[in-house]
Amino acid sequence: MTIDPFAPLLKRLRLTSDLSPEVEQSIRRLPITIRRMEGGQTIVATGDRPAVCCLIVDGFVQRSKIVGEGSRQILAFHQPGDIPDLQSLYLHVLDHEVTTLGDCTLGFVPHDPLRAVVRNNPDVAEALWRDTLIDAALFREWICNVGRREAASRLAHLVVEVYERLAAVGRVTGLSFKFPATQVVLAEAIGTSTVHLNRVLQELRTKGLLEIERGAITIFDLEGLRHAADFDPLYLHLDPAL
DNA sequence: TCATTAAGTGCTT
DNA sequence: AAGCACTTAATGA
């Protein structure tokens, strides 16, 4: 059973950048160590000085910060093909945590050869820079989400975002996908109490928009959910036509 | 882990 | 002043 750990990354980068075969080869030739991790494990923690970047091959991870006396804000979810700690390549001390959401297959790429590829290939540098800018666009949208939308819209927005990003790389069939987030995790992502998360989840359920259970999300009414979420996909920058 | 209730806080209108 | 969105605390499946 041979897997190509770079396939999800390349597929995603191709959405936003033209990659020549030579450029793809230079990425594929990077050394990578594949590791399997269970859910709830820390990949890198605040204060770490990693010497490797983490490429998600399969599964989901979350980036988070602990605020005050231990309450946690989830900042982003990442999916196969993402490099959640790409910033550690040039920002040497990590300012937040990266943890596995469910069981994951991860690929660890040493910084030195990755930096060398970036230096020698302006196209790779551009593709990764673009990727980082899109990451920042997602953070902007999350600020709007947590700061200005109501809780039901926030949850709907989160679900549509995850769906759209997975769909963009062909990782959903139909309107159902695996996403192992508990209600506690979802509440930490949208910045509400778990009680209120539970309430708005039921609201969306009752409206026939979605179902979230046992680590999977099923969307029943994508248009209705988009509307409830006030969702404009522009910030994802995934439409090659734009 | 998820669901529900009671009682309260503090914005917004 | 009233209504609403949300919280904390507690309880039980």
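Here is the naming used below: chain letters follow the sequence lines, and residue numbers restart at 1 for every chain.
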How many Å lie between [atom1] on [X] and [atom2] on [N], as a whole number?
{"X": "A:L186", "N": "B:dT1", "atom1": "CG", "atom2": "C1'", "answer": "12 Å"}
{"X": "A:I212", "N": "B:dA3", "atom1": "CD1", "atom2": "P", "answer": "10 Å"}
{"X": "A:Q183", "N": "B:dC2", "atom1": "CD", "atom2": "C1'", "answer": "5 Å"}
{"X": "A:H196", "N": "C:dC4", "atom1": "NE2", "atom2": "P", "answer": "14 Å"}
{"X": "A:E203", "N": "C:dC4", "atom1": "CD", "atom2": "P", "answer": "13 Å"}
{"X": "A:L197", "N": "C:dT8", "atom1": "CG", "atom2": "C1'", "answer": "16 Å"}

At 4.0 Å (heavy atoms only), tell me whether [X] reaches a base, stays on the sugar-phosphate, or touches nothing.
{"X": "A:E213", "value": "nothing"}
{"X": "A:T182", "value": "sugar-phosphate"}
{"X": "A:T194", "value": "nothing"}

Who passes side-chain hydrogen bond (donor to acceptor under 3.5 Å, both in side chains) against A:R29, sequence neighbours left out?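 With neighbours one apart ignored, the set is empty.
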I'd like to check the side-chain hydrogen bond (donor to acceptor under 3.5 Å, both in side chains) partners of A:H111; sequence neighbours left out, ordered by chain and number. A:S88
Output yes when at least one side-chain N/O atom of A:N198 is less than 4.0 Å from OP1 or OP2 of B:dC2, else no.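 Looking at the OP1 and OP2 atoms of B:dC2, neither is under 4.0 Å from any side-chain N or O of A:N198.
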Can you tell me if A:Q202 touches the phosphate of B:dC2, counting only side-chain N or O atoms and a distance under 4.0 Å to OP1 or OP2?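 So the side chain of A:Q202 is outside the cut-off, no N or O lying under 4.0 Å from OP1 or OP2 of B:dC2.
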Donor-acceptor contacts under 3.5 Å from residues 234-242 of chain A side chains, at least two apart:
| unit_1 | atom_1 | unit_2 | atom_2 | d |
| --- | --- | --- | --- | --- |
| A:Y235 | OH | A:E161 | OE1 | 2.6 |
| A:D239 | OD1 | A:A241 | N | 3.0 |

CZ (A:R35) with more than 12 external heavy atoms under 6.0 Å: no
Is it the case that more than 12 heavy atoms not belonging to A:D95 sit under 6.0 Å from its CG atom?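 Atom CG in A:D95 is crowded, with more than 12 foreign heavy atoms closer than 6.0 Å.
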Going by the rule salt bridge (charged side-chain N to carboxylate O under 4.0 Å, His left out), which residues pair with A:R149 if we only count those two or more places apart in sequence or in a different chain? A:E141, A:D230
Each nucleotide in nucleotides 5-13 of chain B should get exactly one letter: B, S or -. Can you fill that in based on protein heavy atoms under 4.0 Å? B--------
Please tabulate, for side-chain N and O atoms in residues 101-109 of chain A, each donor-acceptor pair with protein atoms closer than 3.5 Å (sequence neighbours left out).
| unit_1 | atom_1 | unit_2 | atom_2 | d |
| --- | --- | --- | --- | --- |
| A:D103 | OD1 | A:G39 | N | 3.0 |
| A:T105 | OG1 | A:R36 | NH1 | 2.5 |

